[in-house]
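In what follows, chains carry the letters A, B, and so on, assigned in the order in which the sequence lines appear, proteins first and then strands, with residues in each chain numbered from 1. The analysis underlying the following values was restricted to heavy atoms, covering all of them including side chains, and did not include hydrogens, waters or symmetry mates.
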Amino acid sequence: MGRFIIRRLLGVVVLLFIVSIMTFAVFFMAPKVAHANVARNFCGRVCDDEAVKQVSIKLGLDKPLYEQYGAYLKGIFVGRDYRLGSDVTHCGAPCLGYSFKTDQSVAFLVKDRLPVTASMAIGAAVIWLVSGVSVGIISALKRGSIFDRTAMGVALAGVSLPVYFTALVALSIFSYKLKILVNVHYVGFTDNPLEWAKNLLLPWICLAFLYSATYARLTRANMLETMGEDYIRTARAKGLPEKTVIRKHGFRAALTPIVTIFGLDLGGLLGGAVLTETVFNFRGLGYEAYAAIATQDLPVILGITLFAAFFIIMANLLVDVAYAYVDPRVRYS
Amino acid sequence: MSRSYLRTGAIAAAVLALGATAACSGSSSGGSTGGATTKSAAYNAALDGIVNASDKKGGTLNYVASGDFDSLDPARTYYAYSWNYQRIYQRTLLMFKATPGNDGAQVTGDLAKGLGTFSSDGLTVTYELRDGITFQDGTPITSADIKYALERSFAEDVINGGPGATYLKPVLVGGESYKGPYKDKAGLASIDASDPKKIVFHLSKKFSDFNYLMALPISTPVPQAADQGKNGGANYQFHVVSSGPYKVETYQPGKLLTLVRNTAWKQSSDPNRKALPDKIVLTEGLDPADMDQRMLAGSADLEVEGTGVQPTAVATILRDPSTKKNSDNPSTGFTRYISIQEKVPPLDNVNCRQAVQYAADKVALQGARGGPIAGGDIAGQMLPPTLPAYKKFTQYDSGSDNTGDLQKAKDALKACGKPNGFSTKIATTNKGKGPKVAIALQAALKRVGINAQVVQVDASTYYSGFIGVPSNVHKQGLGLAVAGWGPDFPTEYGFFESIVDGRAIKQAGGNSNYSEFNNPKVNDLIDQALATTDVSKRNDLWGQVDHLVMEGADYLPFVADKALDYRNPRLTNVYISKAFGMYDYVNIGVGS
């Protein structure tokens, strides 16, 4: 098991390295190919060629791409030096550089915005996992019932409606019309846990609505398939109580694909729920990534992409480990 | 100047304050409300008077914004609302008068006792500093601090984004080759700060608008000691040292800026500021529609970006007299126009350009901008009504109902040799009102056989890299482009220089004269106006520029921009600053 995890962790490093090269290539090379000068976006309204040149120097865009990438990579592992004024400023590892637009440290930005995204993603994940899986199981066990049909109808709506629609409708009803949750904004958990939960309630529900629909449908399909297996019949034939058959034999086997998709979904969300964060004005990683793309703030795009990739890869690793506990057929040797 | 230097927004320099002149004069010295009309809440009351005038101190102001400032560093900021907002907690050598009406576009002494004294040859300007001016730690502000601050803006490899270098380089002796204080410790000799109470500038050419430059944030003093190490240079924006009545308590970029009283500031040294509230909280990063809701619910006091409320809120506010009386509809000083490129055939023929001018449906274009309230008044000339030289005229008739004069358009097409029309492209940003304007123009031109294809480009690169690069405009055949322009400071030079001076065309990019308008007569008039100190003569020269520009038919102005702003009824001392075209933040307080 230990060896497996170490092997996978090494794989994580290689994968992140590849992601960093690709992201760097896409965002730093694309403007070069299109003969656009990124520095022009950061040098003010009426900037002359000399100003563009000076800004290029400041942003490090005057150097060849491989040198820029090398310096970036070095920054992540051992830190690097920047000249931000009269003196040299050291940016300690892991240094993700400074925003072109605001000169803020990207590592700080990620650290600062992560709690927002994490609060949103983890809270929503708990809701959708509990509601989605329970609805799925009940629907499967009561196949064809009114509950099953209603639940699956709602689930279909949940899958089909984009979050920017449900979020706006929710805001319009609960915030503007009924005034139950007004001025929705992010409050830190440590500042006021009650306000934290209250303000996150709408984003949680909207995000969870989208995901739990998928989970309900997936759980239902898996449960139906599993409950039709021979070993379930055998279990019943042995005289096991129905509850034990469902819990120990049916649900456990149906859970495997749920764990896989849950890991991926949560990992992806931790990298930023762009739409939900934008609609609710929560300044999380997704919101920052979106804003950075709009202004071509390359270091911020790169930093958040790397971070998001890290979460997805780690989530995959955790899913693989979790398999061993969920599915007895899987063993790591 | 604009909400952003990409000119994606709609704010700028001034406000339509017709008839306000008489009521608002007489505040040349002393308290900012002296002589100005005080008013109770009514629609447009803040255009020419002070709503809820009061000297009551205390309370907390709750401001909101959708975005963040481009920078808190006075040398790097270029957003109009940021320039306005810095006046709360920073002082500059001169400042725009904190008073409503036309006076608000005039400059007065802030750190300096008064306006600069020009030498007889116009090449030396001297300012004397007030007594009792200090930084937030109580250190006296000297002329060296202002000199250092101005020099910083030349260091474009560190302090990027602001307009300082662009304006100062061609005006100050030795400016063109100076690289800023980080590289050149000796400093710029043409800024003389040898006397701590006096600052002297040596100009390389006559520049009658110099006083206006000294009212921009670039003249905010910066202590050299605070601009060192890891908190200096590019990072100074996170550690700004205050010189006004407030100082930064917390700054979380994109989220929050709180200002608290600066106890070192002395009221006796500052006749322009009342410093009423105890605290000013600015919550950033809110959705525009959400901000409107907060304002109407009373939980937010003002939207500080000055771009006006969203279309839904416009209807809500105007429908109800109880909310309408808390709103104002100022001119922002922007002219919205279509740039007609004279280097793109067949628009290289003036008759073809005139055909576009006549065929345009200005009512439809105004509608695309949001109608008469949220969009603005139909315009017939480039100069905005907020500038002193403005004299209304319409060069190209759009018919009695402003929907276009199709017969004249067809005649012009015949004269151009294209009686059946021609094909061209309309460039626009892909956001906001741009695409709507392009589509309205496309439909109007179609009526006379001009087929225009709409080309949408991402807003972040539209001005800088797309229509701002002449070779790209030629290559892609972008005959028409949707644009808008407002002055950096409320003078005709501030408005016209970048867009009609043919010598300012930048072939390599960053060009603002998209049509490549270059008339030697206009260039001469600009030089003459800059060297003319007599106001009426100068206004006459700028009036001639306005006419010549329209005769060239390169510019199709359609709207003199306006916005609907909302003020929380609890606020005191609210009025529109003519210099910024939005509420003046300097003296707003909290009432009951």
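Counting all heavy atoms, side chain and backbone alike, B/Leu286 lies closest to A/Asn281 at C-OD1, 3.4 Å. Nearest approach of A/Arg283 to B/Gly254, heavy atoms of both residues: NH1-O, 2.9 Å.
Only the backbone of B/Asp227 comes within contact range of chain A, with heavy atoms under 4.5 Å apart. B/Gln228 touches chain A through backbone and side chain together, each having a heavy atom under 4.5 Å away. If you measure heavy-atom distances from A/Tyr287 to chain B, the contacts under 4.5 Å come from the side chain alone. For B/Phe69, no part lies under 4.5 angstrom from a heavy atom of chain A.
A salt bridge links B/Arg76 to A/Asp103: at least one charged side-chain nitrogen sits closer than 4.0 Å to a carboxylate oxygen. A salt bridge links B/Lys255 with A/Asp112: at least one charged nitrogen is closer than 4.0 Å to a carboxylate oxygen.
Within the model, atoms NZ of A/Lys53 and CG of B/Asp157 stand 11.0 Å from one another, a figure rounded to the nearest 0.5 Å. To the nearest 0.5 Å, atom CG of residue B/Asp290 and atom CZ of residue A/Phe280 are 10.5 Å apart. The line from NE2 of A/His90 to NZ of B/Lys230 is 13.0 Å long, rounded to the nearest 0.5 Å.
Looking at B/Glu156, its side chain never comes within 3.5 Å of a backbone N or O of A/Val55 through a donor-acceptor pair.
Within 6.0 Å of CZ in A/Phe174 there are 12 or fewer heavy atoms belonging to other residues, nucleotides or ligands. Surrounding NZ of B/Lys183 are more than 12 heavy atoms belonging to other residues, nucleotides or ligands, all under 6.0 Å away. Counted within 6.0 Å of CG on A/Leu194, heavy atoms from surrounding residues, nucleotides or ligands total 12 or fewer; the atom is thus considered open. Open room surrounds CZ on A/Phe310; 12 or fewer heavy atoms of other groups in view lie less than 6.0 Å from it.
Most heavy-atom pairs under 4.5 Å with chain A: of the set B/Gln252, B/Lys185, B/Arg294, B/Lys179, this distinction falls to B/Arg294. The candidate with the highest count of non-hydrogen atom pairs below 4.5 Å against chain A, out of B/Gly229, B/Ser299, B/Gly232, is B/Gly229. Ranked by non-hydrogen atom pairs under 4.5 Å with chain A, the options B/Gly233, B/Gly468, B/Gly285 are led by B/Gly285.
The side-chain heavy atoms of A/Gln54 and B/Asn160, taken from C-beta on, include no pair separated by under 4.5 Å.
Partners of B/Thr323 under the side chain to side chain contact (heavy atoms under 4.5 Å, CB included) rule, at least two apart in sequence or in another chain, are B/Leu296, B/Ile317, B/Asp320, B/Tyr566.
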Give the table of side-chain donor-acceptor pairs shorter than 3.5 Å for residues 299-307 of chain A, with sequence neighbours excluded, one pair per line with atom names and distance.
| from | atom 1 | to | atom 2 | distance (Å) |
| --- | --- | --- | --- | --- |
| A/Thr305 | OG1 | A/Ile301 | O | 2.5 |

